[in-house]
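First up is the structure itself, then whatever we jot down about it.
Protein chains get the first letters and strands the later ones, always in sequence-line order, with residue 1 at the start of each.
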2 protein chains.
Amino acid sequence: MGRDRRDTRRDMVLSAVEVLRERGADAVTLDAVLSRSGAPRGSIYHHFPGGRSEILSEALEFAGDAIAVRIERVAEAGATAALRDFSVFWKKILHDSDYTAGCPVVSVAVSNADEDGAQLAGRARDIFERWCDAMRRALVGDGLTPRTAERLATMVIASVEGAVVLCRARRNMAPLDDVVEELGLLIDAEKFLARNKHPRQRASTDKDRS
Amino acid sequence: MGRDRRDTRRDMVLSAVEVLRERGADAVTLDAVLSRSGAPRGSIYHHFPGGRSEILSEALEFAGDAIAVRIERVAEAGATAALRDFSVFWKKILHDSDYTAGCPVVSVAVSNADEDGAQLAGRARDIFERWCDAMRRALVGDGLTPRTAERLATMVIASVEGAVVLCRARRNMAPLDDVVEELGLLIDAEKFLARNKHPRQRASTDKDRS
DNA sequence: GTCTATACGAAGATAGAC
DNA sequence: GTCTATCTTCGTATAGAC
């Protein structure tokens, strides 16, 4: 339990994250992780007694946590800053990978595999929840009501994640640029409505809630 | 080339679409398609000489085309109607599958597999493009400028697609409800800006375009 | 800790019988 | 058209040597 685990184990997790981003959960095979990380085959069950399942789970956790921490940190600077930082993060991923890499959490969420797939899906849910919550706090700090902030935070995460998928498909940054610009307008609009205390009519009536 | 292909072949494609929605592209195995459709094993290479690759390709095409036609049809009734219809479509998919099914095009886009994966990714791009274009025309019909309409159309597709992913993860409709409501506000805001001819300052300067 | 060897199953694809 | 082998490859996992 010391910290003699350094290179090999960490490299394997990072490689698993890469594969997860580029080719989805099903593509995170032991061979793929080994060839990427250069780790020796004999190290697999030494570092990960749970085998592939454990590697995949840890990769998801690692990647989701890193992004969550990032959002939470910059959220104190306000929603606009958080949105900008979130966007910059994905643009770097997209650019550095030449549009072959996307969001690892989305990858897990859309491949509801069999057995441990349910457990992974649950973790994906928690990670998304954490991202939304950090963004929501940033929006509350900007003066929005809790309910509006929650709705808008979901909008930010959903639209950026969707844009990342579109950017991969189109192999350019246009969708993310478009979404960020519209989100900026939307945040301003919500702030305006909040300042002027105009409880505009909403389309939905808060039914269908969980 | 007649039309004696009826049950078996079509059933296989429909089953492939289901698997694609629920478990991603890699999960579209011949066994999965056969067990779902009930088709006989010997029919595979009779109906699909290209094997698995051909089945997957046709499933993507079939699903993407159906949605494109749907958007294009309702787009004539305006952007708000198109958004509502698009949302209703996904809510039905989510509800009927108990949140186990999502967008088949996203599934393909995030699993950039090796060989024919590149070809599939190209098809996914075309399908997204077609969806965005139909939504863009609806927005132009509502009085928005071409550039604003294009940006907002991308926003609609991206945010709804992202919301579908979040709905699957959370197993409820809240993300989609939130996104649709915010999109309604955004469409109204853009219409207002267009009507009042206020060329507001934009954050981006149209660089980084493809 | 890392290596090799091996077992086992899943999956794609082909050949030939019916 | 459909079925039954069969081949091959790949991926997970284990055992035992070094």
Ionic contact status for [Y] with [X], cut-off 4.0 Å:
{"X": "B:Arg130", "Y": "B:Asp65", "value": "yes"}
{"X": "A:Asp85", "Y": "A:Arg73", "value": "no"}
{"X": "B:Arg9", "Y": "B:Glu58", "value": "yes"}

- Message: When you measure from the side chain of B:Ser53 to the backbone of B:Gly50, do you find a donor-acceptor pair of N or O atoms at a distance under 3.5 Å?
- Response: no
- Query: Among C:dT2, D:dT12, D:dG11, which nucleotide sits nearest the side chain of A:Asp31?
  - Reply: D:dG11
- Side chain of A:Arg52 only, please: which of C:dG12, D:dT12, C:dT2 is the nearest?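 My answer, after comparing the listed nucleotides, is D:dT12.
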- Gap separating the CG atom of B:Asp26 from the CG atom of B:Leu20, nearest 0.5 angstrom: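 Interatomic distance, B:Asp26 CG to B:Leu20 CG, rounded to 0.5 Å: 10.0 Å.
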- Query: What's the spacing between B:Met155 CE and A:Leu166 CG if we round to 0.5 Å?
  - Reply: 11.5 Å
Rounded to whole Å, how long is the line connecting atom [atom1] of [X] with atom [atom2] of [N]?
{"X": "A:Leu30", "N": "D:dT9", "atom1": "CG", "atom2": "P", "answer": "20 Å"}
{"X": "B:Asp26", "N": "D:dC10", "atom1": "CG", "atom2": "P", "answer": "15 Å"}
{"X": "B:Ile44", "N": "C:dG12", "atom1": "CD1", "atom2": "P", "answer": "8 Å"}
{"X": "A:Phe48", "N": "D:dT12", "atom1": "CZ", "atom2": "C1'", "answer": "15 Å"}

Could you go through nucleotides 3-5 of chain D and list every protein N or O atom that sits under 3.5 Å from one of its N or O atoms, giving the distance for each pair?
residue, atom, partner, partner atom, Å
D:dC3, OP2, B:Arg41, N, 3.3

Under 3.5 Å, N/O pairs linking protein and nucleotides 14-18 of chain C:
none

- Option among A:Arg52, A:Arg36, A:Arg41 that satisfies the salt bridge (charged side-chain N to carboxylate O under 4.0 Å, His left out) test with A:Asp31: A:Arg41
- Query: A:Leu139 and A:Ala153: which non-hydrogen atoms are nearest, and at how many Å?
  - Reply: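 So the minimum-distance heavy-atom pair works out to CD1-N, 3.5 Å.
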